[in-house]
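Step one of this worksheet: look at the structure below.
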Amino acid sequence: VALVVLAIMLVSSAIALSPLLHRFEDYFVNGIKYPDDLNLFIGTIKKQSIQLILAAYYGRMKKTTLSWSRSNQMISDMFSHDPDYEDFTKPVHKLHFYGNDGVCLFKYFVGKEDPQKAFVWGILMMNFTCFVFISVSYILIGVISRSSISSTAGPGNNEMIRRSRRMNQRIALIILTDFCCWIPFIILCALHSFEVLDATPWYSFVSMLILPINSVINPFLYDKALTTMVSVLAHYPRKISVSAVQSMTVIIETTIDYGSRLTHHPSASEEVDEYEGT
């Protein structure tokens with residue numbers, strides 16, 4: 001088990017870090033910002049736009065996609081340089097895979113021209129495969145458990161049936177949270193990829209609120225201690241409210257009794273002194 005967990009951690013780390021490696025920048029860098037002095041390259045420009053400018057400057061070019069390093073070298077060759085000064089055509093900023101949104105998130109929304117579309121769709125299909133595998137496994141566990149309990153006879157069978165029912169409800173919730181977490185998101189990614197709609201404005205909301213649903217709810221579904229604690233906390237305010245009402249009832253009854261004694265006795269001041277003395 002430890003080796004499996006270690007392997008999963010290594011694979012996950014490799015997937016997360018590979019977009020940051022320099023040797024893969026042609027797949028994961030979506031644009032480059034050059035110095036403002038280069039009027040031909042204003043803003044953060046995609047590779048396709050840079051190639052059009054280079055083709056217009058150098059003349060006819062082969063229909064091949066230039067690497068970022070080759071594009072930068074050709075841009076540098078467009079200008080004369082003083083060897084005593086630093087090259088003023090060096091890129092200022094690269095738009096990396098994790099920097100496509102205001103928050104640094106995995107880029108799931110890819111278009112037809114994005115070089116990392118195969119990588120992203122590979123991750124999405126892996127998530128979908130995991131969802132199907134987990135769902136089928138949980139359903140089989142529930143079916144086998146129910147079949148086993150149904151064939152068992154004895155005085156404790158009713159308790160086993162109740163436990164099986166609770167387990168099946170928990171399994172249904174786990175599958176439901178997994179479904180709500182990934183399936184609508186994968187559909188949205190597909191609609192964006194095929195340019196049916198532009199889902200870019202929704203990316204922060206979906207990534208920060210929808211995708212974490214599974215991770216937030218799972219502890220409550222798997223851990224019985226958390227479920228017990230929530231149940232206790234749910235009944236605790238009720239106990240407080242009951243005791244508070246009882247206390248208020250005692251205070252009101254004491255006040256009414258005190259007021260009636262002041263009203264019905266002729267010597268109110270003596271009664272007050274006697275009451276306070278007691």
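We're numbering straight along the sequence, starting at 1.
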Distance in Å, I141 CD1 paired with N168 CG, rounded so as to fall on 0.5 Å steps: 10.5 Å
If a pair satisfies salt bridge (charged side-chain N to carboxylate O under 4.0 Å, His left out) and one of its residues is in residues 178-206, list it, with sequence neighbours excluded. none
Residues which pass side-chain contact (heavy atoms from CB on, under 4.5 Å) with F133, listed by chain and number, not counting sequence neighbours: S137
Mind running side-chain contact (heavy atoms from CB on, under 4.5 Å) on K33 and L95 for me, showing each step along the way? CA-CA 8 Å; K33 176 177 172 52; L95 184 60; over 6 Å; no
Please lay out, stage by stage, how I175 and I139 fare under the test side-chain contact (heavy atoms from CB on, under 4.5 Å). CA-CA 9 Å; I175 295 175; I139 291 172; 3.8 Å; yes
Do C130 and W182 touch side chain to side chain, with heavy atoms closer than 4.5 Å? no
Mind running side-chain contact (heavy atoms from CB on, under 4.5 Å) on F109 and D114 for me, showing each step along the way? CA-CA 10 Å; F109 291 170; D114 286 317; over 6 Å; no
Test item: Q116 and N30 side chains (from C-beta on) under 4.5 Å apart, heavy atoms: yes
Do Y138 and L176 share a hydrophobic cluster, counting only Ile, Leu, Val, Met, Phe, Trp and Tyr and linking them when any side-chain heavy atoms are less than 4.5 Å apart? no
Excluding sequence neighbours, so at least two apart, what forms side chain to side chain donor-acceptor pair (under 3.5 Å) with T177? none
Output, in order, the C-alpha distance, side-chain angles, deciding distance and verdict of side-chain contact (heavy atoms from CB on, under 4.5 Å) for L54 and M78. CA-CA 9 Å; L54 293 176; M78 292 171 61; 3.7 Å; yes
Residues which pass side chain to side chain donor-acceptor pair (under 3.5 Å) with Q169, listed by chain and number, not counting sequence neighbours: none
Review item, side-chain donor-acceptor pairs of residues 1-21, under 3.5 Å, at least two apart:
unit_1: S12; atom_1: OG; unit_2: I8; atom_2: O; d: 2.8
unit_1: S13; atom_1: OG; unit_2: M9; atom_2: O; d: 2.8
unit_1: S18; atom_1: OG; unit_2: A14; atom_2: O; d: 3.2
unit_1: S18; atom_1: OG; unit_2: I15; atom_2: O; d: 3.2

Qualifying residues under side chain to side chain donor-acceptor pair (under 3.5 Å), relative to S69, sequence neighbours excluded: S67
Looking only at heavy atoms, what is the nearest atom pair of S80 and F88, with distance? O-CE2, 3.7 Å
Once salt bridge (charged side-chain N to carboxylate O under 4.0 Å, His left out) is applied, what residue pairs with a partner in residues 8-26 remain, sequence neighbours excluded? E25-K94, D26-K47
With sequence neighbours excluded, tell me which residues meet side-chain contact (heavy atoms from CB on, under 4.5 Å) with F179. F131, I183
Please round to the nearest 0.5 Å and tell me the distance separating atom OG1 of T89 and atom CD1 of I75. 7.5 Å
Go through the structure and list residues passing side-chain contact (heavy atoms from CB on, under 4.5 Å) with I144, not counting sequence neighbours. none
In short, G111 meets K117 closest at the heavy-atom pair O-CD, 3.9 Å
Any side-chain heavy-atom pair of C189 and Y108 under 4.5 Å: yes
Should F185 and L124 count as side-chain neighbours, where that means a heavy-atom distance under 4.5 Å? yes
Contacts satisfying ring-ring contact (aromatic ring centres under 6.0 Å, His included) that involve residues 1-30 (not counting sequence neighbours) are F28-F97, F28-F119
Not counting sequence neighbours, which residues clear side-chain contact (heavy atoms from CB on, under 4.5 Å) with N72? List them please. I32, Y34, P91
So CD1 of I186 and OG of S193: to nearest 0.5 Å the spacing works out to 12.5 Å
Say whether L52 and V29 are linked into one hydrophobic cluster, either directly or through other cluster members, by side-chain heavy-atom distances under 4.5 angstrom. no
Flag yes if more than 12 heavy atoms outside F128 fall under 6.0 Å of its CZ atom; otherwise flag no. no
